[in-house]
> 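Mind having a look at this structure? Questions to follow.
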Amino acid sequence: MIPYGRQDISQADIDAVVEVLQSDFLTQGPKVPEFERVVAAYCGAKRAVAVNSATSALHLACLALELGAGDRLWTTPVTFVASANCGLYCGASVDFVDIDPRTYNLCPKALEAKLKRAEAQGTLPKVLVAVHLCGQPCDMKAIGRLAKLYGFRVIEDASHAIGGKYNGEPIGNGRYSDITVFSFHPVKIITSAEGGMAVTNDDGIADQMELLRSHGITRDPEKMTHVSDGPWYYQQVALGFNYRMTELQAALGVSQMRRLDEFVARRHELARRYDDLLSALPVVTPWQNPGSYSGLHLYVVCLKTELLSRTHREVFELLREQGIGVNLHYIPVHTQPYYLAMGFQPEDFPQAQSYYRTAISLPMYPGLTKDEQDEVISALAHAMESS
Ligand SMILES: *Cc1c(COP(=O)(O)O)cnc(C)c1O
């Protein structure tokens, strides 16, 4: 099976992890701060806080923005459930903004219209999670303008987008948002096995996320609410979690960062080749905003089902039968049973639903060979042939 995504591990990556295994610290040593410095410098952000997953980073980001009961978080329905669940963890309610049918990202026009209605009803959101689907940046300028106008905070879920650029500047520099979150799950652009990071230019936000990542415990006398009892002393000053990243993960992350630009360039090479090879087939290839540089985590095609005698599902099944590990990113979050139980209806977000009825993620990862890519194309051509 050719998977839709997979990690690329070099001997240098392995050596970096083994070195940590033989060192004094498996956790809470020097590698996590090093990984944070490397990512912050790469993105042009002031601070970075490494955690055990992007899901944890999203949770801490919401808490640091003081999202709580009675507040609202909005995001796109076409994302992984974690982009929305972080709001629920904080006791907030979650709502969605439909996607732009060209970029598949949250549509700024739909956002503006929904904000106008919410303002009239007194139901404005406190936090918006902008997801850079497939690595293509959202229209952050428009989102940033609306955030100022309506007074909400912005988290970029850049789980697909490390190594990408928006208007010539690295994703994560925080020009139009408060916090940006990355994922280092093995299918993502670089990996630390499991892992995530939140970057920000705000020291207060970063300090709060650091505190909450490790039980809400501080050893810094300045942050204690009472005078220290002695050198052994620590204080729990907030209710935090154990969301720490290990030294092994951070060492792998630091090593992978050295190849980040190469990985993304290779993804672009593969995407251009897909674009060419697919031009004769009845599919919509992903539109790329000429003003930005996508991380290209995913390469999603949408079937022109009106031209096919097979259904989307049949094409998908035939691809899997031919050993192509295609996937579907994503089942719209509001249609998950957990969300339907909150009162969402599948047709609440019609653009997300029509995307879902045609989308297929083709294999996309740096180690994908030309031969494998040709195999994907011929399997797709075969699957779409009229029966
Ligand atoms: C993968 C992913 C996450 C969650 O990442 P983890 O590191 O697995 O917790 C969140 N949001 C999006 C858009 C993702 O693709």
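Atoms within each ligand, like the ligands themselves, are counted from 1 in listed order.
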> Sequence neighbours excluded, which residues qualify as ring-ring contact (aromatic ring centres under 6.0 Å, His included) partners of H268?
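Applying ring-ring contact (aromatic ring centres under 6.0 Å, His included) to H268 gives Y293.
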> Does the pair R313/E317 count as a salt bridge with the N-to-O cut at 4.0 Å?
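Here R313 pairs with E317 in a salt bridge, since their nearest N and O are under 4.0 Å apart.
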> Measure the CG-CG distance between L128 and D95 for me, rounded to the nearest 0.5 Å.
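Between L128 CG and D95 CG, I get 11.0 Å after rounding to 0.5 Å.
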> Quick one: ring-ring contact (aromatic ring centres under 6.0 Å, His included) partners of Y176, sequence neighbours excluded?
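ring-ring contact (aromatic ring centres under 6.0 Å, His included) list for Y176, sorted by chain: Y166.
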> Do E385 and R310 sit within salt-bridge range, that is, some charged N less than 4.0 Å from a carboxylate O?
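Salt bridge between E385 and R310, a charged N being under 4.0 Å from a carboxylate O: no.
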> Distance-only criterion, 3.5 Å: show the donor-acceptor pairs between side-chain atoms of residues 67-76 and protein atoms not counting sequence neighbours.
| from | atom 1 | to | atom 2 | distance (Å) |
| --- | --- | --- | --- | --- |
| D71 | OD2 | G68 | N | 2.8 |
| T75 | OG1 | V129 | O | 2.8 |
| T76 | OG1 | V78 | N | 3.0 |

> So which protein residues pack against ligand 1 under 4.0 Å, heavy atoms counted?
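Within 4.0 Å of ligand 1, protein side: S53, A54, T55, T79, F80, A82, S83, V131, D157, S159, H160, S183, K188, G195, Y330.
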